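Before any comments, here is the structure.
The model shown is predicted, which means the values in this text are computed figures rather than measured ones. We count residues from 1, following the sequence as given.
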Amino acid sequence: MLADLAALYANREDTAWGRAEMAQRQEDVLDADGLLGLAETTLLSPLDARAQREVEAAARQVATVTAVVPLALADVFTALTTNLRMIRRVAEVYGGRAGTRGSWRLTRSVLTHLVATGAGAVGDDLIGSVAGGGMLSKVTRRIGEGVVYGALPARVGIAAIEVCRPLPFHAAKKPSVSALVGRALTGLFGRG
């Protein structure tokens, strides 16, 4: 199993240290759980970090556009294109390249998530009523929408990471939506 994983990343220089470390320490590990943990910590951890940065960048972009641009179609278009680009980049981080059929399946998943964000409209009404009337209400509502819609790429990104990662999360902790959104939006809308 570790040989297959090392072979998958054999031609990538960004994994050279992880492959060397895994090969060196492999003989010291006696059980399958330990080998999985070794593979995750030495080879996949740097890739996981890169994939999570892609997801955070996508969440930041969608949140910013949603908060700043007042056009609803701009929100939807930005979310769709950002999610598609993020999914492709996450796949590339883990060494995958989706063909036409795979891209279509991923697109369907993204559209399903976009439909699910219709629930954000309920949150918009709540934010507006709490914030009060006038200009402050509109600004606060747009920022709230940005935060809500910024969570969409995080959800889609975690799904993309789980699909594209060559091993399921075992020893490493699976990323959470709240942690990714928190890191992505820190400082974006003031104090968080």
Worked check of side chain to side chain contact (heavy atoms under 4.5 Å, CB included) between T15 and L43: CA-CA 7 Å; T15 63; L43 189 58; 3.7 Å; yes

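- Counting only distance, with no hydrogens or angles, the side chain of R19 and the backbone of A6 share no donor-acceptor pair below 3.5 Å.
- The two residues Y9 and Y94 have their closest heavy-atom pair at OH-O, 2.9 Å.
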Full working for side chain to side chain contact (heavy atoms under 4.5 Å, CB included) between T66 and T78: CA-CA 8 Å; T66 301; T78 300; over 6 Å; no

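- Residues A79 and V62 approach most closely at CA-CG2, 3.9 Å, considering heavy atoms.
- Checked against M22 for a side chain to side chain contact (heavy atoms under 4.5 Å, CB included), the options T42, V29, T41 give a single hit: T42.
- Atoms CD and OG1, from E54 and T82 in turn, are 11.5 Å apart once rounded to the nearest 0.5 Å.
- For CG of N11, the number of neighbouring non-hydrogen atoms (other residues, nucleotides, ligands) closer than 6.0 Å is 12 at most.
- Closest heavy-atom contact between P175 and L180: CB-CD1, 4.2 Å.
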E40 and R165: CA distance, side-chain angles, deciding distance, salt bridge (Lys or Arg N to Asp or Glu O under 4.0 Å) verdict: CA-CA 10 Å; E40 283 188 290; R165 196 173 192 263; 3.0 Å; yes

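- Shown here for I158 and S176, the closest heavy-atom pair between the two residues is CD1-C, 3.5 Å.
- The shortest side-chain heavy-atom distance between R88 and R85 falls under the 4.5 Å cut-off.
- Side-chain contact between P166 and L5 is present, with heavy atoms from C-beta onward closer than 4.5 Å.
- Distance CZ/F169 to CD1/I161: 6.0 Å, rounded to 0.5 Å.
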Chi angles and distances behind the side chain to side chain contact (heavy atoms under 4.5 Å, CB included) call for L47, L44: CA-CA 5 Å; L47 299 178; L44 294 181; 4.0 Å; yes

Side chain to side chain contact (heavy atoms under 4.5 Å, CB included) between R183 and Q52, worked out: CA-CA 10 Å; R183 283 194 307 268; Q52 289 177 35; 3.2 Å; yes

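- Closest heavy-atom contact between A171 and G37: CB-CA, 3.6 Å.
- Nearest heavy-atom pair, V55 versus G157, reported as atom, atom and distance to 0.1 Å: CG2-CA, 3.6 Å.
- A distance of 4.5 Å separates CG of L152 from CG of N83, quoted to the nearest 0.5 Å.
- Looking at heavy atoms from C-beta onward, V65 lies out of side-chain contact with F77 at the 4.5 angstrom threshold.
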